[in-house]
Visitor: 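One structure is given below, represented as structure tokens, and several questions about it will come after.
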Amino acid sequence: MINSIKKIVSTKMQQMGDSDLQAYYNENLNEFSQASAFDVTIYTSANQQSLTAIQNNPMSAVSDVQLQEGKIEAGKTDPKLLALLNKTAKGKFTAISKNDSNYVMFFVKEKYNVQTVSFADAKNYIYSKLGEGKEQKAIEEYFEKLKSSANIQVIRAP
């Protein structure tokens with residue numbers, strides 16, 4: 001059974017050509033832009049709901065939220081944080097994340113020196129990203145096919 005799934009997934013992956021990868025790249029250019037620095041406002045709180053309230057209404061004043069203005073440079077920052085900031089649009093909040101005992105989110109005020117990664121450099125990333133989706137879809141289709149062809153008899157209903 002596992003070999004059958006692997007064969008189906010392999011077939012689906014082979015069907016993905018450079019034109020599919022290029023189309024994804026062209027439709028999602030914002031996913032492939034990287035800034036060298038960011039002006040941000042950092043919101044920190046022990047209460048996740050307080051940060052959610054600010055996301056829903058940025059003008060609200062919540063007493064247990066600390067604000068800090070800052071500039072984050074790409075060369076001196078954690079790659080996960082860089083990815084989060086790069087995918088967040090200017091003028092928007094990032095997702096809330098846990099940091100030690102507090103919750104933190106960023107408001108991206110400005111991005112500096114934004115450059116788009118070339119298609120050649122992004123090709124492997126796109127292939128793996130699209131491949132994950134195709135793999136999941138192939139597995140679901142395989143099990144649906146098995147289920148539809150199975151002879152299932154209900155002996156006792158719950």
Visitor: So which atom in A35 and which in V114 form the shortest heavy-atom distance, rounded to 0.1 Å?
Guide: CB-CG2, 3.9 Å
Visitor: Do K111 and F38 form a cation-pi contact, if we require the NZ or CZ to be under 6.0 Å from the six-membered ring centre and within 45 degrees of the ring's axis?
Guide: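 No, a cation-pi geometry is absent between K111 and F38.
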Visitor: Report, as yes or no, whether the 6.0 Å neighbourhood of atom NZ on K80 holds more than 12 heavy atoms from other residues, nucleotides or ligands.
Guide: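 It does not: K80 NZ has 12 such atoms or fewer within range.
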Visitor: When you look at NZ of K145, are more than 12 heavy atoms from neighbouring residues, nucleotides or ligands closer to it than 6.0 Å?
Guide: no
Visitor: Taking side chain as C-beta onward, heavy atoms only, is T88 less than 4.5 Å from F107?
Guide: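 Not touching, per the 4.5 Å side-chain cut-off.
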Visitor: In Å and rounded to the nearest 0.5 Å, what is the OG1 to CZ distance from T44 to F106?
Guide: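 Nearest 0.5 Å value for the OG1-CZ distance: 7.5 Å.
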Visitor: Report yes if the side chains of F119 and N26 come closer than 4.5 Å at any heavy-atom pair, otherwise no.
Guide: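 They are not in side-chain contact.
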Visitor: Between atom OG of S36 and atom CD of E73, what is the distance when rounded to the nearest 0.5 Å?
Guide: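 Reported to 0.5 Å precision, the distance equals 8.0 Å.
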Visitor: Do I42 and V104 come close enough that some side-chain heavy atom pair is under 4.5 Å?
Guide: yes
Visitor: Atom NZ of K71 and atom NZ of K76: how far apart are they, to the nearest 0.5 Å?
Guide: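 K71 NZ to K76 NZ: 10.5 Å, rounded to 0.5 Å.
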Visitor: Could you measure the distance from the OG1 atom of T94 to the CG atom of L85? Nearest 0.5 Å is fine.
Guide: 6.5 Å
Visitor: Does any donor atom in the side chain of E69 or T41 lie under 3.5 Å from an acceptor atom in the other side chain?
Guide: yes
Visitor: Is there a donor-acceptor pair closer than 3.5 Å between any side-chain N or O of S50 and the backbone N or O of A46?
Guide: no
Visitor: Using side-chain heavy atoms (C-beta onward) and a distance below 4.5 Å, is Y142 in contact with L146?
Guide: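 Result yes, sub-4.5 Å side-chain heavy-atom pair found.
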Visitor: If you compare all heavy atoms of V65 against all heavy atoms of S45, which two are closest, and at what distance to 0.1 Å?
Guide: CG2-CB, 3.9 Å
Visitor: Kindly indicate whether the side chain of M105, heavy atoms from C-beta on, has any atom under 4.5 Å from the side chain of I54.
Guide: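 Side chain of M105 against side chain of I54, heavy atoms only: contact under 4.5 Å found.
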Visitor: Is the distance between the ring centroids of Y43 and Y103 less than 6.0 Å?
Guide: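 Aromatic pair excluded; centres sit 6.0 Å or further apart.
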Visitor: Any link between L67 and V62 through a network of hydrophobic side chains (Ile, Leu, Val, Met, Phe, Trp, Tyr) touching at under 4.5 Å?
Guide: yes
Visitor: Between CG of L84 and OG1 of T77, what distance do you get to the nearest 0.5 Å?
Guide: 11.5 Å
Visitor: Any sub-3.5 Å donor-acceptor pair from N113's side-chain atoms to A37's backbone N or O?
Guide: no
Visitor: Taking the side chain from D100 and the backbone from N102, do they hold a donor-acceptor pair closer than 3.5 Å?
Guide: no
Visitor: Counting C-beta onward and ignoring hydrogens, is there a side-chain heavy-atom pair between I96 and Q55 closer than 4.5 Å?
Guide: yes
Visitor: Would you compute the distance between atom NZ of K90 and atom NZ of K109 and round it to the nearest 0.5 angstrom?
Guide: 12.0 Å
